[in-house]
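Worksheet for the structure shown next.
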2 protein chains.
Amino acid sequence: MSHTLGLRQAQKQKTRQALLDAALGLLEEQSLSSLGLREVTRAVGIAPTAFYRHFRSTADLGTALVEEALGSLHPMIRTTVSTADDHGQRIKRAIELIAGHVDAYPAHVRFIARERHGGVQPVREAIREQLARFGQEVRDELAKDPVSGGWSEDDLLMLANLYVDQMLITASLFLEALEATPEERDRVCQVAERQMRLISIGRQHWLD
Amino acid sequence: MSHTLGLRQAQKQKTRQALLDAALGLLEEQSLSSLGLREVTRAVGIAPTAFYRHFRSTADLGTALVEEALGSLHPMIRTTVSTADDHGQRIKRAIELIAGHVDAYPAHVRFIARERHGGVQPVREAIREQLARFGQEVRDELAKDPVSGGWSEDDLLMLANLYVDQMLITASLFLEALEATPEERDRVCQVAERQMRLISIGRQHWLD
DNA sequence: AATCACAGAGAACAGTTGTTAACTGGATGA
DNA sequence: TCATCCAGTTAACAACTGTTCTCTGTGATT
């Protein structure tokens, strides 16, 4: 597989990636709807017109960024939910995994948090779809757990989406605390852990 | 009180409000960081330079919008949490109140959801402050409830913020469903209600 | 070796932007 | 009544935007 693409296509993908990286950098202090095509090409060092060889518009570039930021995240989600640790430890692990991801890809996380409700409709739609997929995947994993005995499909999906949203909130809090003191980061960590635990307690008593 | 301001100041406040309204309208399909000063004045029908008589910049206008959108919401929050209904009815009431608010002020809700993680730092900060205030107020109300016996201050605030975030998520879902079918709106309503209920169940068993 | 495909360059387009400066005219207060 | 204030106007500025068309050089194909 992966037929070694010629020099031609390799270079194209290289500048395409450079455009994505440059855009992600510029988006740290603005939203996608104010991101200019010329601004991006200037940062990469190519002519403005070359942009069109890769994307129709900045909105198009935005949906590509959604793919890059969330597309590769699915395996991680599945394993996070399904690891059969001790119950308290599982939550701790999940929180640490989120914190690690924010540390590794802060610009990606910022982009998703910002554009989820942002001003560019196609991008909002793309994020919505990906998050819906996450919800379904988490539901599938939850269904395997003995705790889910007697739960309806609807309730499982309801809980899954609650978890997904909570993950995003937590990620966003870690992002804000990225340049804060270690004590502050610790506090965020503990609050997030307790919120997750409260939700899990609600889950365990749902059928009472 | 409210010393009847002269014709002069009355007119000024009128155009100021017109600027806020026009901006809110324009922000339905873009973010604040791409909102142009000229764009707003053109919509109002005044000269671009007149903008400076009211705001230093569009970011300044943004923080004023935060005040308008969230400032008047505090009494509603307090009464929502503190109404001593039956437990299941209380949640239903809260959801309906959120739905009603989204119906009445969709542009305000959209603005807050969009700019909470948006590209304009001072506006993010202003929203963060207001939401923190909401969190404290909800915590104060929760503290009065007998269910909160034995809870630490930290845990109460943790739960309060969980509720506030959940309110925002719910509001955002109602916003997306604004032009959808009544069946879809109903589904959103039911999911939101069950998520709130699950959190409340977690609350009741927190000290087990 | 000759041809084609195509990523990127360059120039030019009509519009747009934020900001400055100097101004007008009606409400305000003495 | 008269001087003052100040919300809003007009004109002009350099800088920027997305998009078009034409061109070039080089990797790919025959």
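All values reported here derive from a predicted model rather than from experimental measurement. Numbered from 1 within each chain, the chains take letters A, B, ... in sequence-line order.
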Between atom [atom1] in [X] and atom [atom2] in [N], what is the gap in whole Å?
X	N	atom1	atom2	answer
A:Phe55	C:dA7	CZ	P	13 Å
A:Arg16	C:dC6	CZ	C1'	17 Å
A:Leu37	C:dT17	CG	P	17 Å
A:Lys12	C:dC6	NZ	P	8 Å
B:Ile46	C:dG18	CD1	P	13 Å
B:Leu26	C:dT16	CG	C1'	15 Å
A:Gln11	D:dG25	CD	P	18 Å
A:Phe51	C:dA9	CZ	P	14 Å

Mutual orientation of the aromatic rings belonging to A:His108 and A:Tyr105 [parallel < 30°, tilted 30-60°, perpendicular > 60°]: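 The arrangement is parallel - the two ring planes meet at less than 30°.
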For the base of [N], is there a side-chain donor-acceptor partner from [X] under 3.5 Å away?
X	N	result
B:Thr49	D:dT10	yes
A:Arg38	D:dT19	yes
A:Arg8	C:dC6	yes

With sequence neighbours excluded, residues passing salt bridge (Lys or Arg N to Asp or Glu O under 4.0 Å) with B:Asp103: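 Residues passing salt bridge (Lys or Arg N to Asp or Glu O under 4.0 Å) with B:Asp103: B:Arg185.
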Proximal nucleotide (of C:dG18, C:dA9, D:dT10) relative to the B:Tyr52 side chain: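 The listed nucleotide nearest to B:Tyr52's side chain is C:dG18.
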Earlier contact from the 5' end, DNA chain C, for B:Ser57 and B:Arg53: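 Between the two, 5'-proximity favours B:Ser57.
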Stems involving DNA chain C, each a run of at least 3 consecutive Watson-Crick or G-U pairs under 3.5 Å: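 As far as DNA chain C goes, consecutive pairing (with distances under 3.5 Å) yields the stems C:1-12 with D:19-30, C:14-17 with D:14-17, C:19-30 with D:1-12.
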Listed once per pair and sorted, the side chain to side chain donor-acceptor pair (under 3.5 Å) pairs that draw on residues 156-169 of chain A, sequence neighbours left out: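 Listed once each, the pairs are A:Arg116-A:Asp165, A:Tyr163-A:Ser200, A:Gln166-A:Gln195.
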Check: A:Ser148 side chain, A:Trp151 main-chain N or O, donor-acceptor pair, under 3.5 Å: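 No; judged by distance alone, with no hydrogens or angles, the pair does not exist.
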Any donor-acceptor N/O pair, B:Thr181 side chain to B:Glu184 backbone, under 3.5 Å: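 The answer is yes, because a donor-acceptor pair under 3.5 Å joins these two groups.
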Electrostatic pair A:Asp155-A:Arg203, nearest N-O below 4.0 angstrom: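 Salt bridge absent between A:Asp155 and A:Arg203.
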